[in-house]
Amino acid sequence: MKLATYNVNGVNGRLNVLLRWLDEAKPDIVCLQELKAPDEKFPRREIERAGYGAIWHGQKSWNGVAILARDRDLRETRRGLPGDPDDSHSRYIEAAIDGIIVGCLYLPNGNPAPGLKFDYKLRWFERLQSYAAELFELDVPVALVGDFNVMPTDLDVYAPERWRDDALFRPEVRAAYAELVAMGWTDAIRSLHPDERIYTFWKYFRNAFARDAGLRIDHFLLSPSLRERLIAAGVDKFARAWGHTSDHAPVWIDLDDR
DNA sequence: ATGTCACTACAATAGTGA
């Protein structure tokens, strides 16, 4: 079973890119981030025509997350991360699919740092840690998937020194990610490719993709029982090379069918 | 500091978030 994540950077503006990638990559489950569309403008018909059922949590202009599934029941188990009833951003949606809990998340960017946005990012990360601990206790297969907006280590940044003060790489944020992983989660991509430079995002600026000046910020965290089923992982860089494409590439893992 | 996108609105350019 192929589980993928894709920050589409506008689900309507990039609809052709998304549909082309679905057709070529044929993932079974997809977590989408940055829909940048309210619920009523989610392109449900086009996605259904491509063979996918979907749940989504949209918002005007910014954020927005969705989960797609092909030939599988998709039962929504949560929308919105617990811990702050005043949080109005659409950044978390979760479903039970094929006996797996899939949590699709879009962690705040947090720039500029320091500042209110960075504080919000750290608070959001704390809430994610608390909720992830709850999920972990359930002892069921769980995948926390999406755009975490954090590069875990120097190996995940083309030029670490230039990113030290950025909200995606500051020590507090890397520490929060490390604490989360240390609860017992497995960073799927890194576990299969411990020494490889793997990027999932390249800025639009300065020809970053052609120079491979990238960042690894889209991640899969697997609970212990899912980790055992992990077969392969990769980045669909070919989709980042297309015209009018997202600044992220789709990322995927292959899980043994049970 | 720069660069490039998408989306939005007291809309045909300027803001904003990334």
Side-chain angles (χ1 to χ4, degrees), chain A residues 5-21 31-44 46-47 56-66 81 87-92 104-125 128 145-152 156-170 172-174 176-177 199-219 235-251:
Chain A
T5 182
Y6 190 13
N7 179 324
V8 281
N9 191 6
V11 73
N12 288 305
R14 316 278 190 203
L15 186 57
N16 288 339
V17 167
L18 173 62
L19 294 174
R20 181 178 170 190
W21 171 71
C31 294
L32 296 177
Q33 303 87 32
E34 280 208 82
L35 304 179
K36 294 185 172 179
D39 280 340
E40 63 272 20
K41 289 198 176 162
F42 184 82
R44 180 176 58 85
E46 291 85 346
I47 284 177
W56 59 92
H57 188 198
Q59 180 181 333
K60 195 166 87 174
S61 303
W62 320 121
N63 311 315
V65 285
L81 190 67
D87 185 358
S88 59
H89 295 198
S90 298
R91 297 184 176 274
Y92 188 84
C104 170
L105 65 98
Y106 175 47
L107 215 133
N109 176 294
N111 276 306
L116 290 174
K117 289 181 179 178
F118 191 63
D119 295 342
Y120 172 63
K121 178 177 197 168
L122 294 178
R123 285 202 312 276
W124 209 93
F125 226 135
L128 180 62
V145 180
D147 180 356
F148 284 69
N149 266 317
V150 52
M151 298 82 88
D156 304 307
V157 192
Y158 70 99
E161 296 313 321
R162 283 184 214 166
W163 287 81
R164 293 282 174 219
D165 292 328
D166 191 275
L168 279 67
F169 201 48
R170 284 174 66 105
E172 308 95 303
V173 176
R174 279 185 285 134
Y177 184 83
Y199 304 135
T200 65
F201 166 92
W202 298 259
K203 283 192 169 199
Y204 289 121
F205 313 155
R206 292 179 153 197
N207 218 15
F209 184 63
R211 294 187 296 119
D212 201 27
L215 310 172
R216 188 176 74 97
I217 56 178
D218 300 276
H219 308 301
V235 180
D236 284 347
K237 283 183 72 172
F238 61 86
R240 180 62 179 81
W242 292 340
H244 305 291
T245 198
S246 170
D247 41 7
H248 294 248
V251 190

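Source: prediction; values computed, not measured. Each chain gets a letter, A, B and so on, in the order the sequences are listed, and its residues count up from 1.
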For atom [atom1] of [X] and atom [atom2] of [N], their distance in whole Å:
{"X": "A:W62", "N": "B:dC5", "atom1": "CH2", "atom2": "P", "result": "16 Å"}
{"X": "A:W163", "N": "B:dT2", "atom1": "CH2", "atom2": "C1'", "result": "13 Å"}
{"X": "A:D165", "N": "B:dA1", "atom1": "CG", "atom2": "P", "result": "12 Å"}
{"X": "A:H244", "N": "B:dA6", "atom1": "NE2", "atom2": "P", "result": "8 Å"}
{"X": "A:K41", "N": "B:dT8", "atom1": "NZ", "atom2": "P", "result": "6 Å"}
{"X": "A:K36", "N": "B:dA9", "atom1": "NZ", "atom2": "P", "result": "15 Å"}
{"X": "A:K203", "N": "B:dA1", "atom1": "NZ", "atom2": "C1'", "result": "11 Å"}

Would you mind classifying the nucleic acid contact of A:F201 as base, sugar-phosphate or nothing, using non-hydrogen atoms under 4.0 angstrom?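 The residue A:F201 makes no contact with any strand.
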Inter-nucleotide [atom1] distance ([N], [M]), Å rounded:
{"N": "B:dG15", "M": "B:dC10", "atom1": "P", "answer": "14 Å"}
{"N": "B:dA11", "M": "B:dT16", "atom1": "C1'", "answer": "15 Å"}
{"N": "B:dG3", "M": "B:dC7", "atom1": "P", "answer": "22 Å"}

More 5' along DNA chain B: A:G110 or A:F205, using each one's nearest nucleotide?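 The residue mapped nearer the 5' terminus is A:F205.
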Starting at the 5' end of DNA chain B, which residue's closest nucleotide do you reach first, A:R14 or A:K117? A:R14
Looking at B:dT2, does its base get a donor-acceptor pair with the side chain of A:R206 below 3.5 Å?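 Check passes, donor-acceptor contact within cut-off.
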Does A:K60 place a side-chain N or O at less than 4.0 Å from the phosphate oxygens OP1/OP2 of B:dC7? no
Compare the minimum distances between each of B:dA18, B:dT4, B:dG17 and the side chain of A:Y106, then state the nucleotide with the smallest one. B:dA18
Side chain of A:Y204, heavy atoms from C-beta onward: which of B:dT4, B:dC7, B:dA6 has the nearest atom to it? B:dT4
Assess A:R174 against A:F169: is NZ or CZ under 6.0 Å from the centre of the six-membered ring, and within 45 degrees of the ring's axis?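 Here A:R174 passes the 6.0 Å and 45° test against A:F169.
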Between A:K36 and A:N9: side-chain donor-acceptor atoms closer than 3.5 Å: yes
Where do [X] and [Y] come nearest, in terms of heavy atoms and distance?
{"X": "A:W124", "Y": "A:L107", "result": "CE3-CG, 3.7 Å"}
{"X": "A:N63", "Y": "A:Y106", "result": "OD1-CE2, 3.3 Å"}
{"X": "A:V11", "Y": "A:A37", "result": "CG1-CB, 4.2 Å"}

